[in-house]
Visitor: 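Have a look at the structure that comes next, please.
One-based numbering, in listed order, for ligands and for the atoms of each. A quick note: this is a predicted structure, and the numbers were derived from the prediction, not measured.
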Amino acid sequence: MPFKLSDLKEHNSELLKLLTQQLPDMLWVKDLNGKYLYANKAICDGLLMAKDTDEPIGKGDVFFALREREANSDKLNWHTFGELCFNSDQVVIENGEAMKFEEYGNVKGELLYLEVYKAPFYDEDGKTIGTVGAGRDITNLKKTQLDLEKNLKILDEQREQLEYQANHDSLTDLPNRVLFMDRLQQSINIAQRYDNKVALLFIDLDHFKEINDSLGHGVGDKVLIEVSRRMKNQMRKSDTLSRLGGDEFCIILNDIIDIEDMSDIITSGMEALKEPMEINGHTLYVGMSIGVSVYPNDGNSASSLLKNADAAMYKAKGDGRNTYCFYDEAMTERAFERVFLETALRKALEEDELVVYFQPQIDARENKLVGMEALVRWEHPIMGFIYPDKFIPLAEITGMIVQLDRLVMKKALTQFKKWDKAGLNPGKLALNLAIKQIEENDFIEFIENILDCEDCSYKNIEFELTENQIMNNPEASIETLQKLSDLGISIAIDDFGTGYSSLAYLKRLPIDKLKIDRSFIKDLPQDADDAAITKTIISLCSSLNLKVIAEGVETEKQKNFILQNGCQFIQGYYYSRPLSIEDMTKYLIEHNKTI
Ligand SMILES: Nc1nc2c(ncn2[C@@H]2O[C@@H]3COP(=O)(O)O[C@H]4[C@@H](O)[C@H](n5cnc6c(=O)[nH]c(N)nc65)O[C@@H]4COP(=O)(O)O[C@H]3[C@H]2O)c(=O)[nH]1
């Protein structure tokens, strides 16, 4: 219901004035030019800073605004109240009806918020002649509301940050397993709709544990950051790289048209990692093994694709690392077998299911035993007798090889010492040594302890390391091997000829002996290539002043060929298969009778 001048006259009565003058809320009446016709005490004191309620009459907000501004001329970025609210009077007049506003401005230097109602009023002819207004100080309410909004914004930001942290890896900033699984499912859904393929690359860094263990976690972390940076650079925007944990990364390649093309993508990714990394003064070479599974060929769900890519990655590791492998169904069986075998092997170590066999090493010229090699066997209560080829690679991948080798060493040494004490002349004891073992910080201490404990002469011990293991990281091996050699222990390179030995390293490493791999002996003497290789290895040993032994000799012809070509030490079925403790005891007794 609009005000009329007659209403105002009525309101302007002394009685009404008396009533409204003392109200805590502000009340006023203005003409069309914004000049006050009436202002109560609350607006005079709280907003206009007028001397009394008569002062505003005939003056507009601008007058008071300028006066306020002058009084506060030292304050910058400061707006007086009147400067801003004059405009709302016009809006009300133009609108022709009562309106509510929220107005703010500075009064006495303080920011003041008002909730204001304004309405036009009319003369007897219905013509607009001014506005009436009422205002309430809502500064406290407004400040609380603004504080609340600010806090809500902070909470929102914190929630976003927490959400980000829950979905990302803090070290590399890459999506973590949770987000990765979600993205993979999304990619599968899209591929399903458009009949596309999605490839999943499961990546595991080679020998990362060694970097962490030998150079510390600080260096390990930097390697992971650098690896993720290099991989990211190789990827398309549409692909997702994530870190699943440890040294495991995954890549989702979307929109794969031709599976064959992927080999190129993978090899270019691997190339990027080939460049050495300079970290904290170390030059590091980091390889990776990659397993690949493809939707829909190898699985319809995120979890099955991941499981199958993981199985393919294990195959790549088994194939010699720094390579990639596509999933095939047989891998699921192998992966299952691997998990089963891994659990069983852990139990075997705890429950003492491993036994040691010994295979004689013979001086074929003198027909005399010169030593024996300790070879582990697994006597599983249900699966029966298991040969090391079945479980040593698994023990190496899982790291169990360290515990396994130490157990074999202890058992073999204890038995060997018994034969020695019994006067059975067991010669030298050859022990297989996984490279992981010599990378353990306490390895030398461990060896000294057990040899002293068993009262074994260091000169009676020989360690065999495979050529591949030693040549993969010769620099790292030199120091420990030298310490072993200084103690008087001999070092032999096993499976010689199957790897890529560098002659320079053969000279620098403290090696005493090479063992010619049995694959070269198998077809002797008829196979010309094998014959040539065997002869070359024998003459290499002679020039480098190394001993040489041939393993896997099964026939007399093989023995004669080897002997005639200058290798007098032989290990093989021709002389004896690996023997249990009881059989080796009998063997030694018999042998001692004949010499
Ligand atoms: N066909 C044929 N084979 C012969 C002949 N003479 C010996 N062999 C076999 O050749 C292997 C020789 O051991 P290796 O080269 O050190 O090769 C070993 C060695 O690398 C690894 N290994 C065995 N025991 C241990 C262990 O305690 N620790 C570690 N780290 N590795 C071990 O497992 C490999 C296989 O061991 P085994 O199955 O015991 O197989 C043994 C032995 O039984 C022969 O005339 N003909």
Side-chain angles (χ1 to χ4, degrees), residues 345 348-349 352-362 364 369 371-379 385-416 428-440 443 446-447 450 461-470 477 491-499 513-524 530 534 537 548-559 561-562 567 569-581 583-584 587:
L345 188 55
L349 287 168
D352 201 21
E353 290 169 7
L354 299 179
V355 291
V356 185
Y357 272 53
F358 297 86
Q359 188 175 28
Q361 294 181 334
I362 306 293
L369 178 118
M372 56 182 73
E373 180 181 2
L375 295 159
V376 67
R377 304 287 181 257
W378 180 2
E379 282 179 343
F385 206 73
I386 307 174
Y387 283 90
D389 287 348
K390 271 264 173 209
F391 60 89
I392 292 286
L394 178 73
E396 280 173 348
I397 289 173
T398 55
M400 280 190 268
I401 193 71
V402 173
Q403 195 189 346
L404 186 150
D405 268 357
R406 289 187 181 196
L407 197 106
V408 171
M409 279 178 210
K410 266 190 204 150
K411 286 188 178 223
L413 277 166
T414 313
Q415 184 52 49
F416 183 74
K428 236 180 189 181
L429 176 66
L431 294 159
N432 283 288
L433 193 59
I435 200 84
K436 274 210 168 84
Q437 186 72 250
I438 68 168
E439 288 161 0
E440 293 291 302
F443 175 62
F446 167 79
I447 290 299
I450 57 164
I461 305 301
E462 180 168 272
F463 281 127
E464 290 184 8
L465 288 105
T466 64
E467 182 184 20
N468 277 323
Q469 292 203 21
I470 230 173
S477 322
I491 312 287
I493 296 196
D494 205 358
D495 303 342
F496 192 81
T498 57
K513 190 191 269 184
L514 299 186
K515 282 187 92 171
I516 307 172
D517 189 63
R518 68 171 185 268
S519 58
F520 303 115
I521 309 293
K522 195 166 53 80
D523 297 322
L524 288 182
D530 288 345
T534 306
I537 297 175
V548 60
I549 180 167
E551 67 178 344
V553 176
E554 295 185 356
T555 65
E556 182 149 19
K557 279 186 181 160
Q558 289 168 347
K559 181 202 88 171
F561 177 90
I562 286 158
C567 170
F569 299 108
I570 283 173
Q571 176 181 344
Y573 293 173
Y574 175 71
Y575 286 104
S576 167
R577 286 179 176 262
L579 302 171
S580 65
I581 291 178
D583 290 343
M584 181 52 110
Y587 180 95

Visitor: Tell me, yes or no, whether the heavy-atom count around Lys411 atom NZ, taken from other residues, nucleotides or ligands under 6.0 Å, exceeds 12.
Guide: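 Result for NZ/Lys411: enclosed.
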
Visitor: For Gln571 and Arg518, test the side chains for any donor-to-acceptor distance below 3.5 angstrom and give the result as yes or no.
Guide: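 Result is no, nothing qualifies.
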
Visitor: Phe358: what forms a ring-ring contact (aromatic ring centres under 6.0 Å, His included) with it, not counting sequence neighbours?
Guide: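 Checked Phe358 against ring-ring contact (aromatic ring centres under 6.0 Å, His included); matches are Trp419.
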
Visitor: If you round to the nearest 0.5 Å, how far is CD1 of Ile392 from CH2 of Trp378?
Guide: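 Atom-to-atom, Trp378:CH2 and Ile392:CD1 are 10.5 Å apart.
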
Visitor: What residues come within 4.0 Å of ligand 1, counting heavy atoms only?
Guide: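 The 4.0 Å shell around ligand 1 contains Gln359, Glu373, Leu375, Val376, Arg377, Pro388, Asp389, Ile392, Ile401, Asp405, Val408, Asn432, Glu464, Asp494, Asp495, Arg518, Glu551, Gly552, Val553, Glu554, Gly572, Tyr573, Pro578.
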
Visitor: Considering residues at least two apart in sequence or located in another chain, which fulfil the ring-ring contact (aromatic ring centres under 6.0 Å, His included) criterion with Tyr357?
Guide: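 For Tyr357 the ring-ring contact (aromatic ring centres under 6.0 Å, His included) partners, ignoring immediate neighbours, are Phe385.
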
Visitor: Kindly write out the residues that satisfy ring-ring contact (aromatic ring centres under 6.0 Å, His included) with Phe520, not counting sequence neighbours, or none if the list is empty.
Guide: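 Testing Phe520 for ring-ring contact (aromatic ring centres under 6.0 Å, His included), a comparison that skips the adjacent residues, returns none.
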
